[in-house]
Amino acid sequence: MKFTDRLHEKTLPIWRQNHNHPFVKGIGDGTVNQDNFRFYMVQDYLYLIDYSKVFAIGAVKADDVETMGKFAGLLEGTLNTEMALHRKYAERFGISEEELENAKPSPIVLAYTHYMLHVSQKGTLAEVVAAVLPCAWSYWEIGKELNDIPGAADHPLYGDWIRMYSSEAFGELASWCIDLMNEVAEGKPEHELQKLEEIFLNTTRFEYMFWDMANNKQMWPGAETADVGI
Ligand SMILES: Cc1ncc(C[n+]2csc(CCO)c2C)c(N)n1
């Protein structure tokens, strides 16, 4: 059994909940509230800024040039392809790039990114990979599932999102993260595998909480107008 099969099995109930989440379903059938989607894209942009830094840390911790190159590819893909999607949506919503970058992160975004940055700064290369894997993997699975819904990828607003995350290029990035996880877990003692499992479980949980945050436009307690991210 591959280590990633074990991770997938362990977190299967949460993966199912992610796929069935009303926000995810709403992107697929076009019913997600536009204002919530706008909030989600702004918060996701802030998330991706820190996430990119985690990929950069991966390059620092890598032991060989090939792995460094893959992290560089993930960093490039995030900053220049994935975040270009967010910038395009922001333009449609009338949000400038400056406003986007200066928006305030929600509690979940702050907790999720800081957790990943903490794990990757203090941990091993394997721990960096365990932290980032659920993000790339689950979006690829969700993207493919939504792309299979007839007409979903042609939706005038949500189609771009579905096409990006179901694309071959994003599939390759996810597969590469899966393969690297198996490679770095190879031969590790059980107590280290359990640590990797716990990190993977935590970021999988954060993925679920991110959908919930988007669905509820969840910001800081008491933040009514000025602090809603943007
Ligand atoms: C909360 C959240 N989780 C995962 C992704 C998707 N994602 C993050 S990095 C990466 C790999 C290459 O850019 C992918 C697919 C997201 N956007 N937002």
Side-chain angles (χ1 to χ4, degrees), residues 11 14-15 17-19 21 23-24 26-27 32 36-59 67 69-90 100 103 105-117 119-120 128-147 158 160-181 199-218 229:
T11 49
I14 312 174
W15 280 65
Q17 282 181 320
N18 277 347
H19 283 249
H21 196 283
F23 194 84
V24 173
I27 297 177
V32 76
N36 286 49
F37 189 75
R38 178 188 189 276
F39 175 81
Y40 160 75
M41 289 306 279
V42 172
Q43 289 299 320
D44 204 46
Y45 195 75
L46 302 175
Y47 165 85
L48 289 174
I49 294 173
D50 276 340
Y51 193 103
S52 299
K53 295 185 185 190
V54 177
F55 282 144
I57 295 170
T67 310
K70 297 278 187 173
F71 275 111
L74 284 158
L75 178 59
E76 201 280 329
T78 307
L79 285 172
N80 299 323
T81 306
E82 188 170 3
M83 289 165 79
L85 175 84
H86 295 58
R87 288 188 283 266
K88 192 169 148 191
Y89 274 113
L100 197 54
S106 79
I108 295 296
V109 170
L110 207 58
Y112 189 178
T113 56
H114 284 209
Y115 176 71
M116 284 201 297
L117 284 166
V119 165
S120 55
V128 179
V129 182
V132 299
L133 182 56
C135 332
W137 193 358
S138 78
Y139 266 54
W140 164 237
E141 295 288 332
I142 287 170
K144 278 188 299 180
E145 188 173 292
L146 300 188
N147 193 46
Y158 307 125
D160 281 338
W161 191 97
I162 295 173
R163 287 196 300 278
M164 162 145 319
Y165 289 111
S166 60
S167 68
E168 278 305 310
F170 275 76
E172 267 173 37
L173 294 180
S175 304
W176 181 76
C177 287
I178 293 170
D179 293 345
L180 183 64
M181 183 78 268
I199 294 167
F200 184 90
L201 175 64
N202 284 341
T203 52
T204 302
R205 286 170 169 149
F206 271 127
E207 281 296 313
Y208 179 79
M209 291 171 80
F210 208 103
W211 296 125
D212 249 10
M213 170 206 80
N215 212 34
N216 300 317
K217 280 182 69 182
Q218 191 194 2

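Read the numbers this way: they start at 1 and go in the same order the structure lists the ligands and their atoms. None of these values were measured; they are calculated from a predicted model. The chain is numbered in sequence order, starting from 1.
- Ligand 1 does not have F206 within reach: every non-hydrogen atom of the residue lies 4.0 Å or more from it.
- For Y165 (side chain) and L146 (main-chain N/O), no donor-acceptor pair under 3.5 Å exists by modelled atom type.
- With contacts defined as side-chain heavy-atom distances shorter than 4.5 Å, the pair I14/R205 qualifies.
- Residue Y47 approaches ligand 1 through these ligand atoms, each under 4.0 Å from one of its heavy atoms: 1 (C), 2 (C), 3 (N), 16 (C), 18 (N).
- Under the 3.5 Å distance criterion, with hydrogens and angles disregarded, no donor-acceptor pair is assigned to the side chains of Y139 and E207.
- Near C135, meaning under 4.0 Å from any of its heavy atoms, are these atoms of ligand 1: 3 (N), 4 (C), 6 (C).
- From the protein, the heavy atom lying nearest to atom 11 (C) of ligand 1 is E82 OE1, 4.0 Å.
- Of the residues listed (V129, L133, V132), the one engaging L180 in a side chain to side chain contact (heavy atoms under 4.5 Å, CB included) is V129, and it is the only one.
- Between Y40 and ligand 1, not a single N/O pair is under 3.5 Å apart.
- Contact annotation: for L173 versus ligand 1, heavy atoms closer than 4.0 Å belong to the side chain alone.
- By the criterion of a heavy-atom distance under 4.0 Å, neither the backbone nor the side chain of W140 is placed next to ligand 1.
- Checked by distance only, ligand 1 and Y51 stay at 3.5 Å or farther apart across all their nitrogen or oxygen atoms.
- Protein heavy atom at the shortest distance from atom 18 (N) of ligand 1 is D44 OD1, 2.7 Å.
- The protein non-hydrogen atom at the shortest distance from atom 3 (N) of ligand 1 is E207 OE2, 2.8 Å.
- A donor-acceptor contact shorter than 3.5 Å is absent between the side chain of T81 and the backbone of T78.
- Of the protein's heavy atoms, F170 CD2, 3.7 Å lies nearest to atom 15 (C) of ligand 1.
- Checked against a 6.0 Å centroid threshold, the rings of F55 and Y51 count as neighbours.
- Open room surrounds CE on M209; 12 or fewer heavy atoms of other groups in view lie less than 6.0 Å from it.
- Contacts between L48 and ligand 1 below 4.0 angstrom, taking non-hydrogen atoms only, involve the side chain exclusively.
- With hydrogens and angles disregarded, a donor-acceptor distance shorter than 3.5 Å links the side chain of Q43 to the backbone of S106.
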